[in-house]
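Input: a single structure, listed below in structure tokens.
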Amino acid sequence: VVMLTVADVVVLLIIVWRLRLQKSTGGIARAAVALRKLSMLDVLIAGVIVVTACTSIYHEDGIFVSWGSGLYALLCAELLHYIAYYLVIGAVPLYESATPPEMGMLLQTSSDGEVDLSGRKGDYL
């Protein structure tokens, strides 16, 4: 489960790198969508929470099951994975439909490192 999530993040990084080089993402974007469906870290987290809640009936018998700080780390990792996935997959059509001069306009920054919005058209925002 965790390895599929890691693989999906690596594929997302490859997509970003290819978009930065103005290359097509083609099948790589489809692979990211497939890995997103297969990486079920969110389901694992929900399962741990449900099982932990259900085992509370065994407290009378001296069996205590609880989740630790690792569950919170996995939850944060999955939230970051969601954000990265939707940002990258949402950017693919924008960057792949842009012609090279428009691509340069999308990536312009000012001298202080801030993004320069002065040359952008309204539909890019």
Side-chain angles (χ1 to χ4, degrees):
V1 171
V2 175
M3 292 307 296
L4 286 172
T5 304
V6 170
D8 190 29
V9 171
V10 169
V11 169
L12 292 174
L13 288 172
I14 292 169
I15 291 171
V16 169
W17 177 67
R18 290 186 63 84
L19 288 176
R20 181 68 176 108
L21 296 176
Q22 300 178 7
K23 294 182 178 181
S24 173
T25 58
I28 301 172
R30 286 190 295 275
V33 172
L35 281 172
R36 172 73 185 89
K37 300 280 186 194
L38 293 173
S39 64
M40 300 177 75
L41 188 57
D42 51 350
V43 176
L44 172 76
I45 293 168
V48 169
I49 292 171
V50 168
V51 168
T52 304
C54 290
T55 57
S56 65
I57 62 172
Y58 297 111
H59 285 189
E60 296 172 350
D61 299 328
I63 300 171
F64 295 95
V65 178
S66 64
W67 62 70
S69 60
L71 185 68
Y72 299 114
L74 286 176
L75 182 62
C76 289
E78 185 60 13
L79 288 174
L80 291 173
H81 177 226
Y82 266 59
I83 292 168
Y85 174 81
Y86 286 109
L87 283 174
V88 172
I89 295 301
V92 168
L94 174 70
Y95 279 83
E96 287 191 345
S97 66
T99 59
E102 291 170 330
M103 182 71 78
M105 187 177 281
L106 287 172
L107 301 174
Q108 282 180 348
T109 56
S110 63
S111 59
D112 60 354
E114 294 294 319
V115 175
D116 181 17
L117 299 175
S118 61
R120 287 189 174 186
K121 297 179 182 175
D123 59 353
Y124 288 119
L125 297 176

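Counting begins at 1 with the first residue of the sequence. What you see below is based on every heavy atom in this structure, not just the backbone, and it leaves out hydrogens, waters and symmetry mates.
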For this session: Treating Ile, Leu, Val, Met, Phe, Trp and Tyr as nodes and any side-chain heavy-atom pair under 4.5 angstrom as an edge, say whether L74 and V1 lie in one connected cluster.
Result: yes
For this session: Using the test side-chain contact (heavy atoms from CB on, under 4.5 Å), find all partners of L21 that sit at least two apart in sequence or belong to another chain.
Result: W17, K23
Problem set entry | Transitive ILVMFWY side-chain link V92 to V9, under 4.5 Å | no
Seminar exercise, completed: Across all chains, not counting sequence neighbours, the side-chain contact (heavy atoms from CB on, under 4.5 Å) partners of I28 are V11, I14, I15, R18
For this session: Please identify each residue that fulfils side-chain contact (heavy atoms from CB on, under 4.5 Å) with V16, with sequence neighbours left out.
Result: V88
For this session: State the CG-CG distance between L75 and L79, to the nearest 0.5 angstrom.
Result: 5.0 Å
For this session: Give the cluster check for M3 versus V10: same hydrophobic cluster or not, with ILVMFWY residues linked at side-chain heavy-atom distances below 4.5 Å.
Result: no
For residues 37-49, which side-chain N or O atoms pair as donor and acceptor with protein atoms under 3.5 Å away, sequence neighbours left out?
from: S39; atom 1: OG; to: L35; atom 2: O; distance (Å): 3.1
from: S39; atom 1: OG; to: R36; atom 2: O; distance (Å): 3.4
from: D42; atom 1: OD2; to: Y82; atom 2: OH; distance (Å): 2.8

Seminar exercise, completed: Correct closest heavy-atom pair for A32 and L12 would be CB-CD2, 4.1 Å
For this session: State which residues pass side-chain contact (heavy atoms from CB on, under 4.5 Å) with S24; sequence neighbours excluded, sorted by chain then number.
Result: E96
Seminar exercise, completed: Contacts satisfying side-chain hydrogen bond (donor to acceptor under 3.5 Å, both in side chains) that involve residues 48-69 (not counting sequence neighbours) are W67-Y72
